[in-house]
Structures are given as C-alpha cells and as structure tokens.
Number of protein chains: 2
Amino acid sequence: MSSDTREKMVMSTALLLREHGLTGTSVRDVIDHSGAPRGSIYHHFPDGKVQLVEEAVALAGDAITSGIRQLTSEDGDPVAAIRTFVSVMRHVLVSTDFRGGCPVVAVAAESPADREEQVRLSNVTARVFTDWNAAMAEGLVAKGIEPARAKSLATLLIASIEGAVVMCRAQHSTVPLDDVESELVALATNSLDGLV
Amino acid sequence: MSSDTREKMVMSTALLLREHGLTGTSVRDVIDHSGAPRGSIYHHFPDGKVQLVEEAVALAGDAITSGIRQLTSEDGDPVAAIRTFVSVMRHVLVSTDFRGGCPVVAVAAESPADREEQVRLSNVTARVFTDWNAAMAEGLVAKGIEPARAKSLATLLIASIEGAVVMCRAQHSTVPLDDVESELVALATNSLDGLV
DNA sequence: GTCTATACGAAGATAGAC
DNA sequence: GTCTATCTTCGTATAGAC
C-alpha cells in the first residue's frame, strides 16, 4: 500500500524536524528514518522537501488542535487543556533526552533564503498557530471570559509553553516548563474566577 | 586591526543566525555578510563554525542580560524591563520584515547531529537563559516578591516573549507579541501589588 | 511505484603560497 | 593575516530502467 509509505514519510519528517530543524533535516534523513523506498519520494511528494515539511507541520499541528478542542468543548476545562498541552511537550522533551521540541516552532523559527519556500512554510505555521489560538480562546470564552481577553490570554498560554520548551532543550531540564505550567494554571484559574 | 574583523564576523553571525538558524547559516554567508577576508576565519576562530556561533550567542545574550540588569537594579522597575525586552524583539521583527527573531532561540531550537557541537552550543544557550532568568528574578525580588515565585514568574516572562516572537514570524504580525506584552504587564503589576 | 545512477551545487575545513 | 586552490562530504533533484 502506497499511502502507508506516504504517512510514514510525513511522520518521520515531523520527528526529524522537531529535533534538527528545517535546514537540519534532509530528504535523505527522512528516507532513512522512515525506511521508505528511495525512488518514491518525488512520486509521493512532487514538490520535494517543501511539500514534505508542509504536511508534517500540518499533521503535528492539527493533532494538537484536536487535543485542545476535545478538552475545551462543551463541559470541558481550559485548565485541563493547558495541562495536557504541557504534558505532551514534556513527554517529547524527556523521551528525546531534550534533543526534540515542537516541529511547528522548528519551522517557524527559520526563514529559508528561497522566497517561495518561505511563503509556503509561513503559511502553514501561521495557520497552525491561529488554530491553536482559536481553540484555546473558544474554551476560555465558553467559561465566561470576554472574547478580546480570551484571545490575548490564549496567546500567552501558547507562546509561553512553546518558549519554555526551547529553554528546556537548552538546559536539559523540564524545570522551565514546570514553572510555566504552574504560573499558567494559577493565572487561568484566577482569570476564570474573575479575580484578574 | 584584526579585532575589528573578528567583531564584525561575530556580529554578522548573530544577525544571520536569528534569521536562518544554525544549520541555515553557513561560514560562507558570514564571510560575505561581514566582508571579512576569506582566509582569516580559521585564524580568528580555530574551532570554525561552532566557535563562531558560541561567541555570537554569548554576544547577543549578554547584551540582553545587561539591558535587564540596568532596568531592574536599584530603584528600577521590572515592568520597564519587560517593556524594553519586548521593544527590542519587536524592532528586530519589524526591521527584518518578520524574517528575523532571536539568535539564542535559533540555536537552542536545533540539535546538531554532532555530539560535541551539541554540548558546546547548549552550554552557551543554557547559560544565557539562566542569566536572563536571574536578572529578571532579582529585579522582582527587589520589589518584594518571594524568591521562588520570582524565579517561576521570570521564566514565564522570558518564555512567553520568546515564544511570541516565533509566532510573530509565522504570522508576519506583531500582534502575538503585543498581546503577550499587555498580559505580562498586567500580571507583573498585580504580582507586585500582592494581588496575585 | 520503485530501482540505480548521477548531475550539480554548497557545505565545512585544510594546504601552502604570499 | 590573508590569499587561492582544493579535498571531501552532503544537500536537492532528476533520468531512465524495471
């Protein structure tokens, strides 16, 4: 089955991206890591590396979006969404011995020299960040926070978790993420109670 | 004067790193950008690219540390330090048309395949993040916040600003950083007033 | 769909002249 | 200190057979 090979390649790309970054991840690496047949890359991904990366970012990003939506929808709890988001990131850090982070950030933090590539990739990363933000914000609004505040609060949540992940990689420790989590939980709780 | 050439090379490295990342920045690029003589790189930097990057991260990182210390020392104001940190980042984003971010994050977000390189670079990035954190935390403690809380609050400040910068690059907009700034200023103000 | 072979450029680094 | 030339490896991508 060919679609199986395709999926494996996209998955491998996401795993390699979060560790070595955009330029640091080569098509060769993806082939080796996925065990995919060498001659099939440009069959499945006519646009080559850019397309592979686009799909990997979308895959990883949409998975997070779904997670947030599930935890915040209906009778959900935004604080649980925060904890889950943090847990996912912490697991990635620990399981890669602090060599891996978030593939979306990895791509967003590098600007390729090639213009077209730059545009295509920032389009995906921007969409993912917007989705995360909307999902988080909706959960907060459902709990009584006003839309404008919910949006900026959601941005703070996402930005700080992502920033903490980078700090954890540098320090080979989950402490930055742990600290950010407790601060965020306290802040979100207070905000939901109308205290702040 | 040779030290002039040296400084230019380190400076150029920092500028290129924040835009293209670790793997995306080549020694050739640094030579071209700095206008330095081609044959002098390995004279000034015997360890080649790693050394160049180490010094660039330290240069950029220490400049921020100094900025924070100046604004928080003595009769200083932690909120002013936040605003200044944000201003610096916003200027980088706008002046590079959202193609450039923070060189420290750029390096910390990529794990080189080479072990020794990985160790050397995470040593610098870790030190810089620790310095930023200590500088911010000290400013908060001086204003009456208890040490443990100051440390985690400082981490939140730094992580969220850095995370927001990455989001801004993706979205070609300063809105994420603007939102984070207002949230942080509010939080810091409340914390200093003993409200939270 | 998948193979092997290969084109072509760019990467980091070094040698040896000046 | 700086030059030019070059070694070697690796990057993306393509060609043409199977």
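Both backbone and side-chain heavy atoms feed into the values below; hydrogens, waters and symmetry mates do not. We name chains A, B, ... by the order of the sequence lines, and we start the count at 1 in each one.
- For the pair A:V124 and A:V107, the minimum side-chain heavy-atom distance is 4.5 Å or more.
- Within the 4.0 angstrom heavy-atom criterion, no nucleotide atom of any strand lies near B:T23.
- Between A:H43 and the phosphate of C:dC3, there is no side-chain N or O to OP1/OP2 separation shorter than 4.0 Å.
- Cluster annotation: B:L16 is not connected to B:V166 through the hydrophobic network of ILVMFWY side chains, with a link wherever side-chain heavy atoms come within less than 4.5 Å.
- Nearest nucleotide to the side chain of B:V27, out of D:dA13, C:dC3, C:dG12: C:dG12.
- Atom pair B:D114:CG and C:dA13:C1' shows a separation of 14 Å (rounding to whole Å applied).
- What separates CD1 of B:I31 from P of C:dT14 is a distance of 13 Å, to the nearest Å.
- Ranking C:dT4, C:dA11, C:dA13 by closeness to the B:R28 side chain, first place goes to C:dA11.
- Considering only the side chain of A:P37, C:dT2 comes nearest among C:dA11, D:dA13, C:dT2.
- The side chain of B:H44 sits closest to D:dT2 out of D:dT2, C:dT14, D:dA13.
- Atom pair A:K49:NZ and D:dG11:C1' shows a separation of 8 Å (rounding to whole Å applied).
- As rounded to whole Å, 15 Å separates atom C1' of D:dT2 from atom CZ of B:F45.
- Taking atom CD on A:E116 and atom P on D:dA13, their separation rounds to 11 Å, with Å as the unit.
- Between B:S26 and C:dA10, a side-chain N or O to OP1/OP2 separation shorter than 4.0 Å is absent.
- Out of C:dG12, C:dT4, D:dG11, the shortest distance to the side chain of A:R38 is found at C:dT4.
- Atoms CG (A:L16) and P (D:dG11) sit 11 Å apart, rounded to a whole Å.
- Heavy-atom distances to DNA chain D give each of A:G24 and A:G39 a nearest nucleotide, and the one nearer the 5′ end belongs to A:G24.
- When distances run from any side-chain atom of B:S40 to the nucleotides C:dG12, D:dT2, C:dT2, the shortest one goes to D:dT2.
- Straight-line distance from the OH atom of A:Y42 to the P atom of D:dG16: 17 Å, rounded to whole Å.
- Atom CE in A:M9 sits about 10 Å away from atom C1' in C:dG1, given to the nearest Å.
- Ion pairing between a basic and an acidic side chain is recognised when a charged N comes within 4.0 Å of a carboxylate O; A:D32 and A:R38 show such pairing.
- Other residues, nucleotides and ligands place more than 12 heavy atoms under 6.0 Å from the NE2 atom of A:H172.
- Residue B:A137 comes nearest to B:A150 through the heavy atom pair O-CB, 3.8 Å, listed as atom of the first residue, atom of the second, then distance.
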